[in-house]
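These notes are about the structure you will find just below.
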Amino acid sequence: MVPATLYGPDDHFGAARPRVIPALIARFASAVRTRAASVTLLGSGRARREFLHADDAARASLCLMEAE
């Protein structure tokens with residue numbers, strides 16, 4: 001099993017080392033607080049990412065381990 005980028009409980013929301021989903025949430029939350037007209041995201045837009053919640057990955061792992 002090779003899971004996608006995981007997100008969920010215990011993600012890093014701090015500015016020092018945020019992960020993708022927490023960084024996006026923080027950026028959008030800041031825009032809402034400051035009533036920004038737009039949000040600027042980093043990157044070229046060429047990279048494609050898949051995200052999977054940690055709980056879903058755990059359930060899938062258990063199903064794979066229990067399968068015969």
Side-chain angles (χ1 to χ4, degrees):
M1 178 175 153
V2 180
T5 302
L6 299 178
Y7 68 96
D10 299 321
D11 257 333
H12 302 285
F13 283 87
R17 56 181 191 142
R19 296 184 49 162
V20 176
I21 296 292
L24 288 173
I25 291 170
R27 194 171 289 237
F28 285 110
S30 174
V32 169
R33 276 194 309 277
T34 62
R35 297 185 177 177
S38 65
V39 176
T40 301
L41 303 179
L42 303 177
S44 66
R46 286 182 289 220
R48 292 183 166 224
R49 294 179 181 249
E50 293 180 355
F51 299 102
L52 180 64
H53 193 276
D55 291 345
D56 294 334
R59 272 198 262 350
S61 296
L62 290 173
C63 284
L64 285 172
M65 289 187 282
E66 292 171 352
E68 292 184 38

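For residues 43-55, the pairs satisfying side-chain hydrogen bond (donor to acceptor under 3.5 Å, both in side chains) are Ser44-Arg46, with sequence neighbours left out.
A single hydrophobic cluster is not seen to contain both Leu6 and Phe51; linkage of ILVMFWY side chains at heavy-atom distances under 4.5 Å, directly or through other members, places them apart. There is a path of hydrophobic side-chain contacts, each under 4.5 Å, that joins Ile25 to Tyr7.
In this structure, the side chains of Leu41 and Leu24 come closer than 4.5 Å at one or more pairs of heavy atoms.
Here the straight-line distance linking atom CZ of Arg35 with atom OG of Ser30 works out to 13.5 Å at 0.5 Å rounding.
Using modelled atom types, one side-chain atom of Arg27 and one backbone atom of Thr40 make a donor-acceptor pair closer than 3.5 Å.
Qualifying salt bridge (charged side-chain N to carboxylate O under 4.0 Å, His left out) partners for Asp56, counting only residues two or more places apart in sequence or in other chains: Arg59.
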